[in-house]
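One structure is given below, encoded as structure tokens.
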Amino acid sequence: MSREDRSGDEGAAGAAPEQLALIRETVRRNKAPKAKPRTWRGAALAKELPVARVLVDKGVLHLDRYFDYAVPEELDEAARPGVRVRVRFGAGGRTVRGGRREGGSLIDGFLVERVAESDYQGPLAALAQVVSPEPVLDAELLGLARAVADRYAGSLADILQLAVPPRHARAESRPSPPPPPPPPAPEPGGWQRYVRGREFLASLASGGAPRAVWTALPGPQWAEEIARAVQATLASGRGALVVVPAGRPAARVDAALTALLGEGRHALLTADAGPEKRYREWLAVRRGSVRAVVGTRAAMFAPVRDLGLVVVWDDGDAGHSDEHAPFPHVREVLELRATRDRCAFLLGGWSCTVEAAQLVESGWALPLVADRERVRGAAPLVRTVGDGDLARDEAARAARLPSLAWQVARDGLRSGPVLVQVPRRGYVPRMACARCRAPARCRHCAGPLQAQDAAALRCAWCGRDEESWHCPECGGFRLRAQVVGARRTAEELGRAFPAVPVRTSGREQILDTVPQTPALVVSTPGAEPVAEGGYAAALLLDGWAMLGRPDLRAGEEALRRWIGAAALVREQGAGGTVVIVAEPTLRPVQALVRWDPVGHAVRELAERAELGFPPVSRMAAVSGPPEALAAFLAGAGLPADAEVLGPVPLPVAEAGRPRRAGDPPPGERWERALVRVPPGSGAALAHALKTAQAARLARGGGEAVRIRIDPPDIG
DNA sequence: AGCACGCCGACT
DNA sequence: GTCGGCGTGCTC
């Protein structure tokens, strides 16, 4: 921008807007007629479409737009839309005598588009280099990345970092083979067990785009069912994408696809592959030589050709949330893809998230379930041990384990392995009514109450102190925090059955499978090995630890984990039994007993709607130093229907403790505010936050605040 | 983040 | 006149 331009703006500060526009227009016309670009070097330009619009690869929000560069004649051929380029970028660049340009540093970018002329006033710099002719960012992927960036108030460059793997020259130089012809449509297989299963598969095979929330029957067949859905989609001549939360389930779907389709039909995109392999597989997908993909969360952006189906398995698993800003979630991204590409959508799991229930409730997706009788037949028998039982149970007090659990373990060990689910350490207890166990909630915003110290209660959302709490359910006025120590219980179990081997599976060392022989398998949630032929029984000893977490999702998450363990147990007709040590009146416990995760999610959804919780409302968390946060919120121009809760102080990070993304730097006192908007205003909220953040960053001095749409831990 | 531009005070 | 300090805003 020239000096004249700037002084023109200043001189017109008091002028009417039309006048201002007129002045700008005049300056523009006089100075820089829209014509072929001039470059500083005056090099020969491409004859057709000599301007390249480039997305510079900097995650900074205020650079989240395209920059125009001139295309030199010699790069004309290679400079196609979608290729990686290098350009000079930075204020360091300056024009020196003779109209030549120097300075500015070389940075990476993507060529987004070729156009005839530029809106930019002034001479364009030339593309420095086309890194490779491989068009890695096509219009479809760009559009998706843009939509995801907008949804999460993040920058396009941040999304592209997740969506386009780093280049590897050797991988690129190898040609990819042509795709094999479509396979025949599959037999319905296990899909026959679901009410509309055959129809769903048939629709996929005939090129349809059905959308379903699938409540999978317990047992290991889900992977094969997903593979059949993929095959049906391939049979229609389209591609398919499956995203699972971790490497183990990815391996299961991978095996099922190989069994059904043979080798070379699909790609496995997981985080643990090396850079070369990763890029090679990704390229094979992009080039269309592989039409089906299974992978973990980064695969959600996989550039599958002519996408016909997206699948997400177990969407409640935290593994589906990306750890890098702006933290996109697989379910949400695949929803966007299904809508944008008009392709089929399949969300499956043994359990059911509130978000999944909402997809059905809103009519966006149809439920895909088995009838009650079949569900009951496939599930194990679930028995509960509540506080009353424990109180009456002499043995339990002595040995810290209920008699029922002993019996079930002993019986089970006669015919096979017995799973013992124990809690992970580190759950923060939530306060609940000592009498009826209803969670204690803030009377103003319904956020969870937490114990400050011995006496004081404070809302974790809005920060208000609660001095005279009483239970709205039963009128009780005493609170209790629930703490459990069940690890030792498992050890005791081991001592009680000395003839039986004890195997453990946990965070550090995860067992994949265990044999059919009798054994005690002690596992933390999510790390349960699969038992050949199913477990004879399972003991779920962590009821209170799971329900006691100060998290909106505590109930849903507890149920998901219980079901995740119980689904590995034999059906009740084959003697499969589950014992859960938790109060049988609690909603998630009842849902487990009835094996009704959907009913549970539907009720939770209704309750969330009533209380103004996500996903019925959209929430964003904004955190940062108190002054910066206050300034941000004051100037953010939030939608009129936005409601700001808080800010409240965040816990100060202790030195030596592992930090999670979004935690304040050690020793700094940060605050966090929650902003919530009603349904329909989510996009406006994201836009307002993004704009405000960009303005702050552009001004330079302003300290950045952290923004997270759909925060996972809203207390 | 870097870096030039421009305004303003100090000095030849 | 002209040199240079720092505050502001831009990067094709």
Side-chain angles (χ1 to χ4, degrees), chain A residues 1-13 20 24 27-28 31-46 49-73 75-76 79 81 83-131 137 142 155-158 160-161 325 628 631 635 665 691-706:
Chain A
M1 177 143 305
S2 71
R3 196 179 302 181
E4 289 94 319
D5 248 9
R6 205 171 295 138
S7 59
D9 280 2
E10 281 160 17
L20 186 84
R24 282 222 183 93
V27 168
R28 218 164 265 176
K31 275 214 63 196
K34 273 197 183 181
K36 279 190 184 167
R38 296 168 293 126
T39 61
W40 275 287
R41 292 185 183 280
L45 297 181
L49 306 177
V51 175
R53 317 208 76 187
V54 173
L55 178 83
V56 297
D57 194 9
K58 282 201 158 192
V60 207
L61 214 48
H62 60 282
L63 293 179
D64 200 6
R65 58 200 167 97
Y66 304 137
F67 289 86
D68 290 350
Y69 285 82
V71 181
E73 197 165 26
L75 295 182
D76 185 22
V83 299
R84 299 179 209 255
V85 293
R86 281 168 79 71
V87 293
R88 294 212 171 270
F89 186 83
R94 64 203 155 89
T95 313
V96 294
R97 245 177 327 192
R100 294 198 336 169
R101 165 119 174 133
E102 58 185 35
S105 50
L106 273 178
I107 67 168
D108 294 320
F110 296 97
L111 199 164
V112 165
E113 186 185 10
R114 289 276 298 265
V115 290
E117 49 191 39
S118 172
D119 285 340
Y120 183 65
Q121 342 293 324
L124 300 183
L127 291 178
Q129 190 193 345
V130 173
V131 176
L137 182 63
L142 177 66
S155 77
L156 185 56
D158 277 347
L160 290 179
Q161 208 141 48
T691 310
Q693 178 81 310
R696 254 187 110 63
L697 290 172
R699 238 174 280 127
E703 273 175 286
V705 296
R706 296 205 177 127

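Heavy-atom basis, side chains included; hydrogens, waters and symmetry copies ignored. In what follows, chains carry the letters A, B, and so on, assigned in the order in which the sequence lines appear, proteins first and then strands, with residues in each chain numbered from 1. Since this is a predicted model, take the numbers as computed values, not measurements.
- Regarding A:Tyr120, its OH atom lies at a distance of 8 Å from the C1' atom of C:dT11, rounded to whole Å.
- Rounded to whole Å, atom C1' of C:dC12 lies 6 Å from atom CG of A:Asp68.
- We find that OH of A:Tyr66 is positioned 17 Å from P of C:dC12, with the value rounded to whole Å.
- One finds no salt bridge joining A:Arg53 and A:Asp119 here, because no Lys/Arg side-chain nitrogen approaches an Asp/Glu carboxylate oxygen to under 4.0 Å.
- Interatomic distance, A:Leu55 CG to A:Asp64 CG, rounded to the nearest 0.5 Å: 7.0 Å.
- Nucleotide C:dC12 holds its C1' atom 6 Å from the CG atom of A:Leu124, rounded to whole Å.
- We find that CG of A:Leu55 is positioned 16 Å from P of C:dT11, with the value rounded to whole Å.
- The nearest whole Å value for the distance from the CZ atom in A:Arg88 to the P atom in B:dG2 is 16 Å.
- Note: CD1 (A:Ile107) to C1' (C:dT11) measures 9 Å, nearest angstrom.
- Considering A:Val54, A:Asp108, A:Ile107 in turn, A:Asp108 is the only one that fulfils the side chain to side chain contact (heavy atoms under 4.5 Å, CB included) rule with A:Arg86.
- Under the 4.5 Å side-chain criterion, counting only non-hydrogen atoms from C-beta, A:Arg84 is in contact with A:Phe110.
- One can place CG of A:Asp57 at 15 Å from C1' of C:dT11, the figure rounded to the nearest angstrom.
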